[in-house]
Amino acid sequence: MGKDTIANIITYIRNADMNKKGIVQLPFTNITEKIVKILLREGFVENIRKHRENNKYFLVLTLRYRRNRKESSKNFLNLKRISTPGLRIYYNYQQIPRILGGMGIVILSTSRGIMTDREARLEKIGGEVLCYIW
């Protein structure tokens with residue numbers, strides 16, 4: 001893994017989704033675990049389990065797919081990295097964008113931890129915008 005852990009997580013998940021893989025194995029970090037738990041809670045991932053192999057921990061995700069076979073060429077997950085190590089993007093709670101009119105989520109890193117845009121608006125706190133998911 002490189003230095004940008006969040007971009008690597010997004011790339012692993014996006015590549016598995018494009019190749020119609022059902023399972024993704026991610027290296028375990030605290031940030032990875034928190035982001036994946038948000039994906040599970042919001043319904044983008046079906047299952048998460050922690051796996052140990054050669055004294056290294058991994059998170060194994062089971063991705064969720066659309067049941068309709070006619071739209072098999074479209075991806076289920078769309079993920080976009082916003083704030084990068086070279087350019088940090090911060091918003092207060094009033095400026096946090098709504099993705100697809102509230103259908104997608106924005107993952108933020110706030111002073112109270114990593115959370116979604118809805119939670120940040122309810123608590124009236126802003127933070128660094130990590131990624132968009134729709």
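For reference, positions follow the sequence shown, starting with 1.
Cluster membership for Leu79 and Leu26, using ILVMFWY side-chain heavy atoms within less than 4.5 angstrom, is shared. Linking ILVMFWY side-chain heavy atoms closer than 4.5 Å, directly or via other members, places Ile114 and Ile89 in two distinct hydrophobic clusters. Linking ILVMFWY side-chain heavy atoms closer than 4.5 Å, directly or via other members, places Tyr12 and Leu130 in a single hydrophobic cluster. Under the 4.5 Å side-chain contact rule for hydrophobic residues, Leu108 and Leu100 share a cluster. Under a hydrophobic clustering in which Ile, Leu, Val, Met, Phe, Trp and Tyr are joined whenever their side-chain heavy atoms come within less than 4.5 Å, directly or via other members, Tyr132 and Ile96 fall into the same cluster.
Pairing each heavy atom of Glu42 with each of Thr116, the nearest pair is OE2-CG2, 3.8 Å. Heavy-atom minimum distance, Ala16 versus Val24: CB-CG2, 3.2 Å. Counting all heavy atoms, side chain and backbone alike, Phe44 lies closest to Trp134 at CE2-C, 4.3 Å.
Between Ile133 and Leu77, some side-chain heavy-atom pair lies under the 4.5 Å cut-off. A heavy-atom distance below 4.5 Å is not found between the side chains of Ile99 and Asp117. You'll find the side chain of Ile125 stays beyond 4.5 Å of the side chain of Tyr93, heavy atoms only. Counting heavy atoms from C-beta outward, Arg81 and Arg14 have side chains that stay 4.5 Å or more apart. The side-chain heavy atoms of Ile6 and Asp4, taken from C-beta on, include a pair separated by under 4.5 Å. In this structure, Tyr90 and Gln95 have side chains that are not in contact, with every pair of non-hydrogen atoms separated by 4.5 Å or more.
For the atom pair CD (Gln25) and NE2 (His51), the distance works out to 6.0 Å, reported to the nearest 0.5 Å. We find the SG-CD1 distance between Cys131 and Ile105 to be 7.0 Å, quoted to the nearest 0.5 Å. We find the CD1-NZ distance between Ile107 and Lys34 to be 13.0 Å, quoted to the nearest 0.5 Å. How far CG of Leu40 is from CZ of Arg64: 11.0 Å, rounded to the nearest 0.5 Å. With rounding to the nearest 0.5 angstrom, the CG atom of Asn47 is 11.0 Å from the CG atom of Leu63. In this structure, OG1 in Thr32 is found 6.5 Å from CG in Leu59, a value given to the nearest 0.5 Å.
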*Worked verdict on Lys80 versus Ile82 for side chain to side chain contact (heavy atoms under 4.5 Å, CB included)*: CA-CA 6 Å; Lys80 184 176 181 185; Ile82 302 302; 4.0 Å; yes

*asked:* Go through it in stages, so that I can follow the logic: the residues are Ile13 and Leu39, the test is side chain to side chain contact (heavy atoms under 4.5 Å, CB included), and I'd like the CA-CA distance, side-chain angles, deciding distance and then a yes or no.
replied: CA-CA 11 Å; Ile13 295 172; Leu39 291 176; 3.9 Å; yes

*Report the C-alpha separation of Thr110 and Glu119 in whole Å, then their side-chain angles, then the decisive distance to 0.1 Å, and conclude whether the side chain to side chain contact (heavy atoms under 4.5 Å, CB included) test is met.*
CA-CA 11 Å; Thr110 66; Glu119 295 168 348; over 6 Å; no

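Screening Phe28, Phe58, Tyr57 for a side chain to side chain contact (heavy atoms under 4.5 Å, CB included) involving Arg52 leaves a single residue, Tyr57.
Within a 6.0 Å sphere centred on CE of Met103, heavy atoms belonging to other residues, nucleotides or ligands number 12 at most. With a 6.0 Å radius and a threshold of 12 heavy atoms from other residues, nucleotides or ligands, Arg118 has its CZ atom above the threshold. The environment of NZ in Lys50 is crowded: more than 12 heavy-atom neighbours from other residues, nucleotides or ligands sit within 6.0 Å.
For Asn19 (side chain) and Lys21 (main-chain N/O), no donor-acceptor pair under 3.5 Å exists by modelled atom type. Of the possible donor and acceptor atoms, none in the side chain of Arg88 sits under 3.5 Å from a partner among the backbone N and O of Glu128.
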